[in-house]
Amino acid sequence: MTGFGLSEMKTVVESELAVAHLVFKVADLKSSCEFYSNLGLPPFAIDEEVAIIELRGGTHLILLEVDQLAGEGVAQSLTGQFHKKFSEQFDLMIKGKGLNELKKYRLELISRGIAAGEIPDEMFFGHHLFCIKDPDGNGITIYNSHVI
């Protein structure tokens, strides 16, 4: 397992806090909504300028078209993990805990026309993973849920 030299894993506990919103500037709102729908995350609210997508656990991904509501206050997000630890701006975790469930999800995305990277043999903090990019080039790492 890759880590910071941690000698043991701690038991996962229910946190008092959760991520409320993640905000992405996008070039084409319709294209981005289609992309995230193909991941299995359809928007539950959308208009001409903004789309709100609810993730498992109640976190919202807010998509704002460039030059609309986002203005100068929201930074561009064009990085992703892509084999650089902790450089992603956004990652997703499937519900399934096993490698086979992650492989199945990856193949489903490929069948929907989404280019998905390979799943490395090495685990990352107890997770298997693969990487994709959204239509704006935002890197997204897809993990399986905790194995332990």
Side-chain angles (χ1 to χ4, degrees), residues 2-4 12-148:
T2 303
F4 287 113
V12 178
V13 295
E14 186 71 26
S15 175
E16 294 294 319
L17 297 173
V19 174
H21 301 97
L22 301 165
V23 180
F24 275 15
K25 284 183 177 181
V26 298
D28 181 333
L29 191 60
K30 181 180 177 184
S31 174
S32 292
C33 286
E34 288 174 10
F35 174 83
Y36 287 101
S37 290
N38 277 332
L39 293 182
L41 303 168
F44 72 88
I46 186 169
D47 66 22
E48 297 84 31
E49 299 175 336
V50 63
I52 301 172
I53 298 169
E54 187 162 346
L55 307 173
R56 186 168 36 103
T59 299
H60 293 124
L61 173 60
I62 300 174
L63 304 176
L64 301 173
E65 241 179 12
V66 175
D67 300 326
Q68 296 293 332
L69 300 173
E72 295 296 320
V74 179
Q76 293 287 354
S77 53
L78 295 174
T79 62
Q81 175 143 337
F82 298 95
H83 311 294
K84 292 182 180 180
K85 291 181 185 176
F86 303 118
S87 66
E88 70 243 302
Q89 299 266 329
F90 179 58
D91 62 347
L92 295 169
M93 187 178 297
I94 67 168
K95 195 172 187 177
K97 294 186 179 195
L99 175 59
N100 287 335
E101 291 165 293
L102 186 67
K103 287 179 179 179
K104 180 181 174 187
Y105 181 71
R106 180 181 171 275
L107 291 175
E108 288 172 11
L109 294 184
I110 291 169
S111 74
R112 296 178 196 152
I114 296 172
E118 296 297 322
I119 299 173
D121 291 333
E122 181 180 332
M123 294 178 74
F124 185 74
F125 288 97
H127 300 276
H128 291 284
L129 62 92
F130 66 91
C131 299
I132 60 175
K133 285 187 180 183
D134 77 1
D136 290 285
N138 296 305
I140 302 169
T141 304
I142 311 282
Y143 297 93
N144 65 314
S145 291
H146 291 95
V147 178
I148 53 176

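Position 1 is the first residue of the sequence, and the numbers go up from there. All values below were derived from every heavy atom in this structure, side-chain atoms included, with hydrogens, water molecules and symmetry-related copies excluded.
- A heavy-atom distance below 4.5 Å is found between the side chains of Ser32 and Asp136.
- Looking at Glu65, its side chain does come within 3.5 Å of a backbone N or O of Leu29 through a donor-acceptor pair.
- Screening residues 102-112 for salt bridge (charged side-chain N to carboxylate O under 4.0 Å, His left out) gives Arg106-Glu118, Glu108-Arg112 as the qualifying pairs, with residues at least two apart or on separate chains.
- Pairs passing the ring pair (Phe, Tyr, Trp, His ring centres under 6.0 Å) check and including a residue from residues 43-64, sequence neighbours excluded, read His21-His60, Phe44-His60.
- By the 4.5 Å heavy-atom criterion applied to side chains, Ile62 and Leu22 are not counted as neighbours.
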Q) Could you walk me through whether Ile142 and Asp91 pass the side chain to side chain contact (heavy atoms under 4.5 Å, CB included) check? A) CA-CA 6 Å; Ile142 311 282; Asp91 62 347; over 6 Å; no

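- Among all heavy-atom pairs drawn from Lys133 and Gly139, the shortest one is CG-CA, 4.4 Å.
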Anything under 3.5 Å between a donor and an acceptor, one on a side chain of residues 35-43, the other on a protein residue two or more places apart or in another chain? List them.
residue : atom : partner : partner atom : Å
Tyr36   : OH   : Asp134  : OD2          : 2.9
Ser37   : OG   : Cys33   : O            : 2.9

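- The closest side-chain heavy-atom distance from Leu63 to Ile53 is below 4.5 Å.
- For the atom pair CG (Leu102) and NE2 (His128), the distance works out to 8.0 Å, reported to the nearest 0.5 Å.
- How far OG1 of Thr59 is from CD of Glu54: 8.5 Å, rounded to the nearest 0.5 Å.
- Residues satisfying the side-chain contact (heavy atoms from CB on, under 4.5 Å) test with Asp121, not counting sequence neighbours, are none.
- Taking all atoms of both residues into account, the shortest heavy-atom contact from Cys131 to Thr141 is SG-OG1, 3.8 Å.
- Qualifying side-chain contact (heavy atoms from CB on, under 4.5 Å) partners for Glu34, counting only residues two or more places apart in sequence or in other chains: Lys30.
- Atom CG of Leu92 is separated from atom CG of Leu55 by 6.5 Å, given to the nearest 0.5 angstrom.
- Checking side-chain atoms of Asn144 against main-chain N and O of Gly96 turns up no donor-acceptor pair under 3.5 Å.
- Rounding to the nearest 0.5 Å places CD1 of Ile94 at 11.0 Å from NE2 of His127.
- The shortest non-hydrogen separation linking Ile46 to Ala51 is CG1-CB, 3.9 Å.
- In this structure, Phe130 CZ and Tyr143 OH are separated by 11.5 Å, a value rounded to the nearest 0.5 Å.
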